[in-house]
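The structure under discussion appears below in the form of C-alpha cells.
All chains are named by letter (A, B, ...) in the order of the sequence lines, taking the proteins before the strands, and each is independently numbered beginning at 1. Both backbone and side-chain heavy atoms feed into the values below; hydrogens, waters and symmetry mates do not.
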Amino acid sequence: MTRLPVDSPSPLIAAQDLRMTYRVGRGQVLRALDGVSLSVRPGEVLGLVGESGCGKSTLGRCLLRLVQPSAGRVVFDGTDITTLPERRLRPLRQDMQMVFQDSYAALNPRRRVGDLVAEPLRVHPAPGGGRRSRADIAARLAELMDLVGLPQAALTRYPHEFSGGQRQRINIARALALSPRLVVADEPVAALDVSIQAQIVNLFMDLRDRLGLTYVFVAHDLAVVRQISTRVAVMYLGAIVELGEADAVLHRPAHPYTAALIAAVPEPVVRTEGLPPPLRGDVPSPIAPPPGCRFHTRCPVARDRCRVDPPGLRALPDGREVACHYPLVGEGH
Amino acid sequence: MLLVVRDLTVALPIGGRLVPIVESVSFTLGAREILGIVGESGSGKSVTSLAIMGLIDVPGARVSGSVRFRGRELVGLAPRAYRALRGREIAMIFQDPMTAFTPVYTVGRQIDEQIRVHQKISRADARSRTVRLLGDMGVPDPERVAGRYPHQLSGGLRQRAMIAMALSCNPALLIADEPTTALDVTVQAQILDLLRGLRREYGSSVLLITHDMGVVAETCDRTLVLYSGLVAERGPTGALFAQPGHPYTAALLDSIPPLHGPRPARLPSIPGSPPAPAERPAGCPFAPRCAYAHEACAVRPALVASGVQDVACVLPAEGRPLPPRFVAEMSA
Ligand SMILES: Nc1ncnc2c1ncn2[C@@H]1O[C@H](COP(=O)(O)OP(=O)(O)OP(=O)(O)O)[C@@H](O)[C@H]1O
Ligand SMILES: Nc1ncnc2c1ncn2[C@@H]1O[C@H](COP(=O)(O)OP(=O)(O)O)[C@@H](O)[C@H]1O
Ligand code: SF4
Ligand code: SF4
Ligand SMILES: [Mg+2]
Ligand SMILES: [Mg+2]
C-alpha cells in the first residue's frame, strides 16, 4: 500500500499514488503517470521539472481535476476531489487556477481584454452568492490590472495588440480574478524571450508574496525553477525520481538523473575546463519503459541490481526523497 | 576567410512599404570556426541566415550589401547558381527536422539520394556512406535507423539524421538555425557536442543561430549579438561573456536566472520589449530600454572597438565602458 505524504500537516493539495494511462492502439498502454505522490503546503512553490513527455502537464491537469486520473487520489484542502462530480467541483474551481505556456491560444482574439479577464467573475457567483454587480466587476478589473502591471487602458484593447509578455500578464490577471489559493502554471515563461521571462518570473514571485499564493510551477528550465521554487520534484518517465528542498536538490543532487539534467544546462559562462560528457541516449518510450530502474538505460552509475529491481522513493537523512539504489549523496551521515 | 558579410541589409514589404528587417550586418567566419548569432525572437537571425543562403523569396524583398563566400559574391547570384551551391558547399539545418525530410521515404533513402545528386556513385556505395555518416553522428545501430521513416525516430535521432544529410556532401559551411531549441536539455547537450566536433572531423565551419546565451557560451568561438535587426556587439565569446561591452548584452546576461551561487531576490529585468522593425527608433534601437541612455544616443551609434569586441554604443567612445561582469562560482 502507498503511504500518505508524510511531511504535510495540512497540505493545500496532495496527490497519492496517481496513475494516468492512455490506450494508444494495438492494445498498448501508455503510462503518463505511474504512481505519483506529493503534497504542497500553503505558500509553497513546488517546481516540477523533467524532459518532454515525462508527465508534468498530465500531473498538473490531474491536480486541478481538468482530467480524471485513472487511479490514485487528489485531495484539495482536505476534500477528496478525485471523483467529485463537476457540480460539486465547481465551487472549488475558484480556488484552483491554471496558467499555460501559450499566452495567445488561451485568449479569444475577438474579445477585449476587459471581457476576457471579467469572464470568470461573470461565470462564478460572488462570495456571498448571487451575481457580481457591474461596479464590482469594474473595480476588480482595475485592481487586477494594477496587480499584473498593465495599464488600465489595456482593458479596452484586443489580445493581438500586446506582446507575448503582456499577454502572459493578461492570462495571469484572468487566473487571479477569483482570488484562487492554488495556481498551477504550466511552462508559463517557456515561450518568452529571456529579457521578458525575467519580468514574468518576478511577477509570479511578487504575486505569491502579496497574495499568499501557492504554486505548482512546471518548467523545463532548471534555472527558472531554482529561482522561483521552494521545493522541487524531478520527473522521469511518469514518476518522481527526486523530491526535496530546491537548494538541496539542485546544489547536491542525489539522483543520477537530476545530476545529469543539471550538468546538461548550457550556462552563459565560458568555462576554462572541459564540459562533462553528455548523457547518452534518448528518453525511452513511455509505452515500454525499461524494467528495474527506469533510468538504468542511461544512468552512468547503474549496476546489475538496477536492471531488475525498481527503486521506490525513500527519504534520505536530509529529508528529501529519492528513487535510486545508489544515491549520489547522503546515506552515510 | 571563408565567409565575409558586409553591410547586409534585408528589406521586406510591410504595409505597402519596404521596411529594413536586418540593417548593415557585418561579420566574418574563418575556416573551422563556429560563430554564434544570438538574439531574441524577431531580432533577425533567421532572415540573416536565409539571405546568406539566397532563400529570401518574399515578393518585393530587397537584399543589399555583400556576402562573399570563398571569394565569390553571392548577393545577386542567379537562382540556379545558388541552388548548385546549396547542399554542396553550404548546407543548412533547422529547428524542425521534419521540414528537411519527406515523410514518404526512409531517412536512409533520402540521404542516399542527396549524396547521389552531387556525386556519381552507385546506390550501394551511397548507402554505405549514409550508414557511416549516421554512425559518425552518434546514431546507435545506424543500419537499422537508415531503414526507418522520419516519424519513427525520436527528436534527437531525427536531428542527428538531418545533420548527417547536411554533411553528406562535405559542405565548407553549415548554417544551423536553432538546431537544439526543440530538443530536451540532455539531447541538446549531445547535439552541441556533435557540432563542436564537426570542425575536427569534417573541417566544416558553423554559423550557429540561437536565442540561448548558454548555448553560445558553450559552443561558439566568436559571438555576434543582434538587437532589432542590428549588430549590438560582436567579438570573441570568452571576452564578450566576461566583459560585455554593450548595455543590451550585459542586461540580457543579467536577466538569466543563475543555476549556481546565491539566488537574487528579484531578477534584474529589461523593461519593455524590443521594437518591431517598422517602429525601430532612429537613434540607438536599444535606447528606450537602456539604463545608460542619454542625448548622444539619439544618433544611431556606429560599431566601435571596445576591448577586443566591436560595440554599437556610444559609451566606449565617451571613455566609460561597462565594468566586467560578476559571475558566481560554478561549483557548489
Ligand atoms: N515574410 C515576412 N514578411 C514580413 N515580415 C517578416 C517576414 N519574415 C520575417 N519578418 C519579420 O522580420 C523580423 C525578423 O524575423 P526573423 O524570423 O528573422 O527573426 P528571428 O530572430 O529569427 O526570430 P525567431 O527567433 O522568432 O525565429 C520579425 O519582426 C518578423 O516579423
Ligand atoms: N490524450 C493523450 N493520449 C495519449 N497519450 C497522451 C495523451 N496526453 C498525454 N499523453 C502522453 O503522456 C505522456 C506525458 O505527457 P505530458 O503530460 O504532456 O508530458 P509533459 O508535459 O512533461 O511534456 C507523453 O508520453 C504523452 O505523449
Ligand atoms: S537505481 Fe541504479 S540505474 Fe537507477 S538511478 Fe540509481 S544507480 Fe542509476
Ligand atoms: S548607445 Fe546609448 S542607448 Fe544605446 S546602448 Fe549605448 S548607452 Fe544605451
Ligand atoms: Mg507539457
Ligand atoms: Mg528564427
Engaged part of B:P264 at the chain A interface, taking heavy atoms whose separation is under 4.5 Å: both
Which atom of A:V269 lies closest to which atom of B:R325, heavy atoms considered: CG2-NH2, 4.4 Å
Closest-packed option against chain B by number of heavy-atom pairs under 4.5 Å, given A:R226, A:Q166, A:H220: A:R226
Heavy-atom pairs under 4.5 Å with chain A, option from B:L259, B:L192, B:V187 with the top count: B:L259
A:L250, part contacting chain B, at a heavy-atom distance under 4.5 Å: neither
Separation of B:Q159 CD from A:D282 CG (nearest 0.5 Å): 11.0 Å
Heavy-atom proximity to chain A below 4.5 Å, by part of B:L157: both
Proximity breakdown for A:R298 and chain B, heavy-atom pairs closer than 4.5 Å: side chain
Over 12 foreign heavy atoms within 6.0 Å of CD, B:E143: no
Positions in residues 189-197 of chain A that reach chain B, provided some heavy atom is under 4.5 Å away: A:D193, A:V194, A:S195, A:I196
Side chain B:D184, main chain A:S52, donor-acceptor under 3.5 Å: yes
Side chain to side chain contact (heavy atoms under 4.5 Å, CB included) between B:R266 and A:D206, worked out: CA-CA 9 Å; B:R266 288 182 72 77; A:D206 291 346; 2.7 Å; yes
Main-chain N/O of A:P278 paired with B:Q190 side-chain donor or acceptor, under 3.5 Å: no
Any donor-acceptor N/O pair, B:Q188 side chain to A:P266 backbone, under 3.5 Å: no
Over 12 foreign heavy atoms within 6.0 Å of CZ, A:R307: yes
Shortest non-hydrogen contact from A:A198 toward B:P268: CB-O, 4.0 Å
Winner by heavy-atom pair count (cut-off under 4.5 Å) against chain B, out of A:G281, A:A263, A:S163, A:A260: A:G281
Atom of A:A223, atom of B:P257 and distance for their closest heavy-atom approach: CB-O, 3.2 Å
Side chain A:Q199, main chain B:I270, donor-acceptor under 3.5 Å: yes
Region of A:V201 in contact with chain B, defined by heavy-atom distances below 4.5 Å: side chain
Spacing of A:I262 atom CD1 and B:H260 atom NE2 [to the nearest 0.5 Å]: 7.5 Å
Approximate separation, where rounding is to 0.5 Å, of A:E267 CD and B:D212 CG: 11.0 Å
Any donor-acceptor N/O pair, A:N202 side chain to B:L267 backbone, under 3.5 Å: yes
Selection from B:M213, B:R289, B:E218 maximising heavy-atom pairs under 4.5 Å formed with chain A: B:E218
For chain B, the option from A:V225, A:L279, A:D221 that forms the most heavy-atom pairs under 4.5 Å: A:L279
Residue part contacting chain A, namely of B:A242, when any heavy atom lies under 4.5 Å: neither
